Amino acid sequence: MPQFSPLQNDTFLRALARQPTDYTPVWLMRQAGRYLPEYRATRERAGSFLGLAKNPDYATEVTLQPVDRFPIDAAILFSDILTVPDAMGLGLYFVDGEGPKFERPLRTEQDVMALRAPDLGSLDYVFKAVTQIRTELNGRVPLIGFSGSPWTLACYMVEGGGSKEYHTIKKMLYNRPDLMHHILATNATAVAQYLNAQIDAGAQAVMIFDSWGGALADGAYQQFSLHYMQQVMAQLKRNKDGVPVPAIVFTKGGGQWIEEIADIGADAVGLDWTVNMARARALVGHKVALQGNLDPAILFASPDQIRSEVAKVLSSFGAPGPGSGHVFNLGHGISQFTQPEAVAVMVDAIHTQSRALRSAA
């Protein structure tokens with residue numbers, strides 16, 4: 001196993017462990033992305049999105065770009081949530097302006113029953129990138145690995161791409177729940193194995209993105225999304241060489257289920273911008289840390305307005321006390337049209353204001 005440099009900034013990990021921190025740490029969903037000119041230049045050299053994601057050198061380069069530019073407190077692996085279904089043989093490809101699609105979506109009983117968790121060797125490019133990124137970070141900040149949730153992956157696998165209505169997968173869910181459960185159980189095994197392999201490769205925390213959980217009805221969410229994320233949690237390595245590896249779960253549109261999400265065994269619950277942070281903190285108590293939840297659109301506002309909105313999120317959470325933890329983030333991914341200067345203002349405001357909050361407490 002590679003030997004990694006000692007961690008110099010563990011504020012993010014301590015916040016997830018609900019330990020005291022000098023300030024509120026921050027990282028951003030999609031922080032390595034199209035809003036950065038250096039990312040766009042690397043993407044052009046790579047020739048395609050998949051060329052970028054499947055090349056460990058390029059993936060390392062773009063993962064480090066926001067860490068080099070901003071004093072953020074964690075790096076997140078640059079990859080795609082659809083690497084797992086791609087490795088299952090569904091034929092991932094990208095259409096400009098339309099996003100990801102699958103050549104062989106799961107539409108028949110035969111398709112579904114043939115589904116198997118992938119050979120992890122076919123995802124070796126991801127694990128090589130994790131080790132390379134962790135090495136090149138040189139201990140500056142922790143590295144987050146990630147996966148899509150079993151339900152979110154299933155949405156793409158059944159719909160054949162992105163969806164606004166989810167008609168195809170919901171038809172299967174209600175007409176043939178047995179097939180739906182087979183897909184989700186297979187995905188839960190695959191996601192757990194995939195995240196464990198990222199941990200073995202050097203990831204110091206992991207996150208599950210349940211991007212489409214909020215499309216489900218109450219009751220269906222618990223049965224078809226939350227249950228399978230709990231299965232992943234039960235199979236996850238929670239420490240590596242005696243060092244805890246925290247896990248974050250994020251359901252976009254899942255604010256009404258915060259208490260239930262907090263019970264599945266994760267260390268932190270991610271919140272979108274529709275959730276009141278003070279209410280969320282009161283609901284979860286000392287069970288989990290919270291991550292979130294600035295509206296990404298605020299980054300199009302003036303610097304003063306950005307600082308003001310950062311202050312609202314920080315004051316809504318309040319000063320972290322014993323057994324609580326807050327990781328600042330956006331309520332979803334950063335827009336490609338965001339100016340990098342706005343991110344710099346936000347990160348500075350989070351660090352400065354959260355230090356002031358602690359000193360005043």
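Predicted model, so just to flag it, every value in this text is computed and none were measured.
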For this session: Start with the C-alpha gap between R18 and D267, add the side-chain angles, then the distance that decides, and say whether salt bridge (charged side-chain N to carboxylate O under 4.0 Å, His left out) holds.
Result: CA-CA 9 Å; R18 292 173 286 119; D267 297 276; 5.9 Å; no
Do [X] and [Y] make a side-chain contact, defined as non-hydrogen atoms from C-beta onward lying under 4.5 Å apart?
X    : Y    : value
V343 : R69  : no
T63  : I76  : no
Q235 : Q193 : no
L294 : W273 : no

Exercise. Is the centre of the Y35 ring less than 6.0 Å from the centre of the F300 ring?
Worked result: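 Not under 6.0 Å, so no.
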For this session: Kindly state whether the ring of F209 and the ring of F146 have centres lying under 6.0 angstrom apart.
Result: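 Ring centres of F146 and F209 closer than 6.0 Å.
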Problem set entry | Salt-bridge contact E259-K287 (side-chain N to carboxylate O under 4.0 Å) |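 Judged by the 4.0 Å cut-off on N to carboxylate O distance, E259 and K287 do not form a salt bridge.
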Return yes if some donor-acceptor pair links the side-chain N/O of [X] with the main-chain N/O of [Y] below 3.5 Å, else return no.
X    : Y    : result
S225 : Y221 : no
T21  : T24  : no
S324 : G321 : yes

For this session: Just jot down the salt bridge (charged side-chain N to carboxylate O under 4.0 Å, His left out) partners of E159, sequence neighbours excluded, or say none.
Result: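 None.
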Problem set entry | Residue list, side chain to side chain donor-acceptor pair (under 3.5 Å) with T83, at least two apart or on another chain |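 Testing T83 for side chain to side chain donor-acceptor pair (under 3.5 Å), a comparison that skips the adjacent residues, returns Y194.
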For this session: Tell me, please, which residues at least two apart from D304 pass side chain to side chain donor-acceptor pair (under 3.5 Å).
Result: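 Only R307 meet the side chain to side chain donor-acceptor pair (under 3.5 Å) criterion with D304.
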For this session: Would you check if there is a donor-acceptor pair between the side chains of N9 and D73 at a distance under 3.5 Å?
Result: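 Yes, because at least one side-chain N or O of D73 sits under 3.5 Å from a partner of the opposite role on N9.
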Exercise. Between W212 and Y166, what is the ring plane arrangement, given parallel below 30°, perpendicular above 60°, and tilted in between?
Worked result: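 Rings of W212 and Y166: tilted, as their planes differ by 30° to 60°.
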Problem set entry | OH on Y39 to CD on Q31, rounded to 0.5 Å |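 Nearest 0.5 Å value for the CD-OH distance: 13.0 Å.
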